[in-house]
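Here the structure is laid out as structure tokens; the discussion comes afterwards.
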Amino acid sequence: MTAQLDRDEAVGLLRSMLSIRRLEEKSAELYSAGKIRGFLHLYIGEEAVAAGAIRALTPDDAVVATYREHGHALVRGMAVRAIMAEMYGKATGCSRGRGGSMHLFDAALRLYGGNAIVGGGLPVAVGLALADKLQGRPRVTACFFGDGATAEGVFQESLNLAALWQLPVLFACENNLYAMGTALHRAQAQTDLCLKARAQGVPAEAVDGMDVLAVARATDDAVAAIRGGGGPRFLEYRTYRFRAHSMYDPELYRTKAEVEQWRQRDPIPAYSESLKRDGLLTDADVQRIEAGIAAELDDAIRFAEESPWEPAENLLTDVYSPRPA
Amino acid sequence: MTAQLDRDEAVGLLRSMLSIRRLEEKSAELYSAGKIRGFLHLYIGEEAVAAGAIRALTPDDAVVATYREHGHALVRGMAVRAIMAEMYGKATGCSRGRGGSMHLFDAALRLYGGNAIVGGGLPVAVGLALADKLQGRPRVTACFFGDGATAEGVFQESLNLAALWQLPVLFACENNLYAMGTALHRAQAQTDLCLKARAQGVPAEAVDGMDVLAVARATDDAVAAIRGGGGPRFLEYRTYRFRAHSMYDPELYRTKAEVEQWRQRDPIPAYSESLKRDGLLTDADVQRIEAGIAAELDDAIRFAEESPWEPAENLLTDVYSPRPA
Amino acid sequence: MTAAPATRTTYREAIRTALREALASDPRVFLMGEDVGCYGGTYAASKGLLEEFGPERVRDAPLSELAFTGAGVGAALGGMRPIVEIMTVNFSLLALDQILNNAATLRHMSGGQVSVPLVIRMATGAGRQVAAQHSHSLEGWYAHIPGIRVVAPATIEDARWMLAAALRELDPVLIFEHATLYGVEGDLPPGPGRVDLDRAAVRRPGTEVSLVTYGGMLGRTLEAADRLAGEGVSAEVVDLRTLRPLDDATIMGSVRKTHRAVIVDEGWRSGSLSAEIMARVMEQAFYELDAPVARVCSAEVPIPYPRHLEEATVPQADAIAAAARSLVKPRG
Amino acid sequence: MTAAPATRTTYREAIRTALREALASDPRVFLMGEDVGCYGGTYAASKGLLEEFGPERVRDAPLSELAFTGAGVGAALGGMRPIVEIMTVNFSLLALDQILNNAATLRHMSGGQVSVPLVIRMATGAGRQVAAQHSHSLEGWYAHIPGIRVVAPATIEDARWMLAAALRELDPVLIFEHATLYGVEGDLPPGPGRVDLDRAAVRRPGTEVSLVTYGGMLGRTLEAADRLAGEGVSAEVVDLRTLRPLDDATIMGSVRKTHRAVIVDEGWRSGSLSAEIMARVMEQAFYELDAPVARVCSAEVPIPYPRHLEEATVPQADAIAAAARSLVKPRG
Ligand SMILES: Cc1ncc(C[n+]2csc(CCOP(=O)(O)OP(=O)(O)O)c2C)c(N)n1
Ligand SMILES: Cc1ncc(C[n+]2csc(CCOP(=O)(O)OP(=O)(O)O)c2C)c(N)n1
Ligand SMILES: [Mg+2]
Ligand SMILES: [Mg+2]
């Protein structure tokens, strides 16, 4: 498949994954330092999914994500400054600091959150797609959610609506095998998630979520089918989170050995090696990319540090819209 | 299959179906006369399901039903008097008149309603079965609901819980092809309901709900499997309601011809003829059964007419339980 | 404008006319809910609209209150003006997560980037003997949620015009239609009518006691005022119209005039909207009061089926008049 | 009883002890909810209980709030004494249909034939910077529902003993644990402690103004009372403990003594429980009041993430003291 990507695209995937990884590693540090607070959910280990999937979308398409969405925002094109300032809670953040880590919004990027109710984004994505269909716009809405969300009733309801009305939704399930501390097989009797999608009339496929090219290929195909008017698609990206669920989680529910095993399949080094093997990447390239990312991060942190807080007098602004004239 | 039933049982099925039919025909009249009020949902056309299915249960088992549950209450053993008085709203009704047609309860019969929230009974049935499992009682809980309920998220959630925890629940889906005015194929992209059950790990089978013997056979098998510790089962009874959804429904959503076609498959005359062919029933038997039912109904109506209302001073009784000592 | 004659119509027909007008005048508007199309609407409010506007714009939804309400949120984000119909307020609990955690919240939480111009209509209230899972009055709950507006058309005129006003808002508006009102007949003054969602209305002026109510209780509150008039007690009847935000100015204006008030609210007494109104009168007009504000609410009980018990549960004209009387002419 | 020494413990540990005791002493009791087992409980309240009691009785549930709450209703009908845990009050909206339409209703609607001895615990409230979908205080809504009881343990003692009292009830009891309290340390007097779910408690006696509060706001209300004492104002602090039914006698007893009251409620101001309390004071003690009852509540806004905005949203000791002061020493 690297054959189908030109060099810039192929290296771009690596850059995306690395940017997410470094952003999140830094975020964890900043959390320990008390700069980022509340809930912080890291995506480390799952980067291939956002990196490989979101590039299949055009700027007109829409993205709905969860509380574990720094990677999605970044790949979608959000500036690191806007993300970092949001995690700091500063007025220059993408959501003016009000949302924090879990609620990254950017209307211009058509990123509709950052939803922290498990499953809460699913029907919203269906509605966004319905709006597109009713207005005859050839857009796709990609909705990201976890394996845990597939147990919520709203998952089935949303897939049914999308299939019944043949709406352009990509249901992008990030199956990292756990919902907080509950392993998928302890949460669901039937663990083949594709069956659940098909039972609602949504064509479904599973893909190796640790392989960024497999992700890209499967997502390209699904998005093409959806954009072609074929109705919704479900993709199960099989992945794993290397870190705790959130910064509070003592990880009592899985063994170090299991985590270690999955770390062997870290999507970044594997892909990086394959690019080198294919002659598309040198060690110098990697250094340059890392340096660029580090500089961007430093800049973003400085920006966040120096940014102002939203004045408390503005607390009630935007509870309601200004009244139309 | 009549071979497996003795004559009494075989004729009993007919009697059950006829009792439901006559009770409901009379209820419709009483509704027009203003004696029964509120919502009244008739089961006419679907009698083979309740008649064939509930006999598979023992008195220790439990039944959870919907607002279309006169038939289930009757077959479960509720006295016509108690049903009729409840529909009148009299203090002698099974729920002291407070519930009316939609909320027939009888703790002694382990009939836990009469639930008028579509899908509302499903998790309750799961919990009843969980209680049995935890207490080591070899009981089965049968939960009746319609095709419409399978679109509600709680359906998937409930089936998953039952399958995950291997609970003794019979999910008894009365697929009469409509949820109010919405045909199944206009409500769901995937109309094979068994697929939805299997996607939650619940073994599923469809059965002709207009054939009381087929219903009885399939339910016997399912209940045996459940009671044997095999976890939940899903049965889709394919049936049809001959009358309007409720007494308000102008039936704009289906043709007279469609209804007429299904009436050709009325479960009662077909079964009655087959019993006669097998020499298990005579015209005189039928007359005797009808007379018995008519007498019981007359008596029940008289009882309901003469019964007192619950005094308004008791309005607040049983909002809370008496405080334990 | 020359005074055109009023039209004789029903509340149901007024809602249907409003829906038809909305669909006809704005291509972004569509109606979505259970049985709004083929069935003609549970209360026949949308009868004929499917034929007129087609299944894309009069969209029958499966039994999935949570998902289709959430789809309304998404469609609103996507530039449409969805009207979601939930059959009955008791079922709306299934959709409450989307209403509170998304519809009401997204604008503020996103720093003002997105808005959710969603209208949700639903039937509320008792009076049809449909018992404890179909009869409650929970609009007071919704009036607690920042980010949404809540209205309750009590008259044919409001049934006719509030929808258009709601569709002009950029934020979610919930419209509560009392289930007993659909069949009510009356005169509809020629339009376009009063269209704001901000002000309460004095439905009957009076001087000695304010009866503050809304929705399904307006009729019997006016009836109580009639009876009181017969006894020489002049009652003013205030119809809140908008339950969130409350129109404090009109409420307090009335209380400052009469110095006494009775709140009539079909919600269960404890924690009903009546409590909020009493709290505000306490805060804003305490020193104007000649007597404590009283309230007539529903008994705190799942509403039973038989007529006599249903009537014993919800406020009746007698009880309203009695409460008013006891403030104006205290015993002893 | 000889006076045993108090134990130093935390709110979290007190809840865990109560859970352990309940599981150990009654085979009908089991705990069910998301991550109560393997994970150890979102707030670590149930840590270790899975190991102690096994997966049948400490039952991890999938993300299915509606179904597992409904299963709690069914298990209660089937003779068990389930304790359902819902992680956070915002998620409880997904389960509200089962709570209102079934748990609260079945007993009355069935003519008293069945009862639902179900305990539901959930975390509520702001203060941990977890933003607009995890921080609200909706216990006031639940206090509106006939057929259930609602309690809010504000102290370590109540955290320790209210669960057992709730399990003795035959009707559903909702227990709201404020998310900021779990880590609070304090002394637990030797048990068995006060176990009723009926009475409010005077946490600090005073004579000039009553501060009425509950749950997560008790701490800062006591702090406000301290400050007021420093200024020579004697404030009485009433902890409601039970939000439904409300203990009118204790509330009115305090108001009749002080003639002034401030209600402190973390709920959004309009339609919060504070309004109901003000309404009741109006109804029952109007002529005792020297000033209108005041309230300090949360701003009506989805709770924002940054600490300064979160603090600006919810009641603070300063604002409580100021409200009390303005009643006791009116300006001008
Ligand atoms: C409705 C709801 N219930 C519970 C939670 C608490 N919670 C937050 S994340 C989470 C696990 C979700 O797992 P999954 O969907 O697999 O996504 P992941 O975190 O693994 O990416 C839970 C239980 C919530 N936010 N919303
Ligand atoms: C949650 C909920 N939504 C809507 C309704 C209104 N309603 C009552 S019955 C019904 C149709 C249900 O259809 P189905 O489950 O197929 O059962 P049937 O009536 O055909 O027996 C609807 C929409 C309800 N009672 N509860
Ligand atoms: Mg997961
Ligand atoms: Mg049906």
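Throughout, a chain's letter reflects where its sequence line sits, starting with A, and its residues are numbered from 1. Please read these numbers as outputs of a predicted model, since none were measured by experiment.
Interface summary for chain D: among A:Leu315, A:Thr182, A:Leu252, the most heavy-atom pairs under 4.5 angstrom belong to A:Leu315. When each of A:His245, A:Lys90, A:Met87, A:Arg96 is scored by its heavy-atom pairs under 4.5 Å with chain D, the top score falls to A:Met87. Put simply, of D:Pro55, D:Ala67, D:Ala299, D:Ser64, the one with the most heavy-atom pairs under 4.5 Å next to chain A is D:Ser64. Residue with the most contacts toward chain D among A:Gly148, A:Gly38, A:Pro311: A:Gly38 (heavy-atom pairs, distance under 4.5 Å). Put simply, of D:Cys38, D:Ala131, D:Gly37, D:Ala61, the one with the most heavy-atom pairs under 4.5 Å next to chain A is D:Cys38. The residue among D:Arg128, D:Arg307, D:His308 with the most heavy atom pairs within less than 4.5 Å of chain A is D:His308. If you tally non-hydrogen atom pairs under 4.5 Å between each of D:Ala312, D:Pro304, D:Pro306, D:Gly40 and chain A, the highest count goes to D:Pro306. Ranked by heavy-atom pairs under 4.5 Å with chain D, the first of A:Thr150, A:Leu184, A:Val319 is A:Val319.
Of all non-hydrogen atoms in D:Asp35 and A:Gly181, the two that sit nearest each other are OD1-N, 3.0 Å. Across A:Ala304 and A:Tyr88, no two heavy atoms sit closer than the pair CB-CD1, 3.5 Å. Across every non-hydrogen atom of A:Leu111 and A:Met78, the tightest pair is CD2-CE, 3.8 Å.
Contacts of A:Glu251 with chain D are absent, with no heavy-atom separation under 4.5 Å from either backbone or side chain. At a 4.5 Å heavy-atom cutoff, the contact between A:Met102 and chain D is made by side-chain atoms alone. For a residue to count as touching a neighbouring chain, one of its non-hydrogen atoms must lie under 4.5 Å from one of that chain's; by this rule A:Ile36 touches chain D with backbone and side chain alike. With a 4.5 Å cut-off on non-hydrogen atoms, A:Asp318 does not touch chain D at all. For A:Asn314, no part sits under 4.5 Å from any heavy atom of chain D, backbone or side chain. Looking at D:Thr313, both its backbone and its side chain come within 4.5 Å of chain A, counting heavy atoms on both sides. Within the 4.5 angstrom heavy-atom criterion, no atom of A:Gln188 approaches chain D. With a 4.5 Å cut-off on non-hydrogen atoms, A:Ala149 touches chain D through its backbone but not through its side chain. With a 4.5 Å cut-off on non-hydrogen atoms, D:Leu309 touches chain A through its backbone and its side chain both.
Inter-residue side-chain proximity for D:Phe68 and D:Leu63 is flagged as unmet; no heavy-atom pair is nearer than 4.5 Å. Between D:Ile86 and D:Val84, the closest side-chain pair of non-hydrogen atoms falls below 4.5 Å. Inter-residue side-chain proximity for D:Trp268 and D:Leu138 is flagged as met; some heavy-atom pair is nearer than 4.5 Å.
Cation-pi geometry between A:Arg254 and A:Tyr178 is satisfied (NZ or CZ under 6.0 Å from the ring centre, within 45° of the ring normal).
The backbone N or O of A:Asp147 lies less than 3.5 Å from no partner atom in the side chain of A:Asn175, so there is not a single donor-acceptor pair. Proximity of a side-chain donor or acceptor of D:Arg295 to a complementary backbone N or O of D:Val262 within less than 3.5 Å is not detected. D:Glu310 places a side-chain N or O within 3.5 Å of a backbone atom of D:Gly127 that can act as its donor or acceptor partner.
The aromatic ring centroids of D:Tyr142 and D:Phe176 lie less than 6.0 Å from each other.
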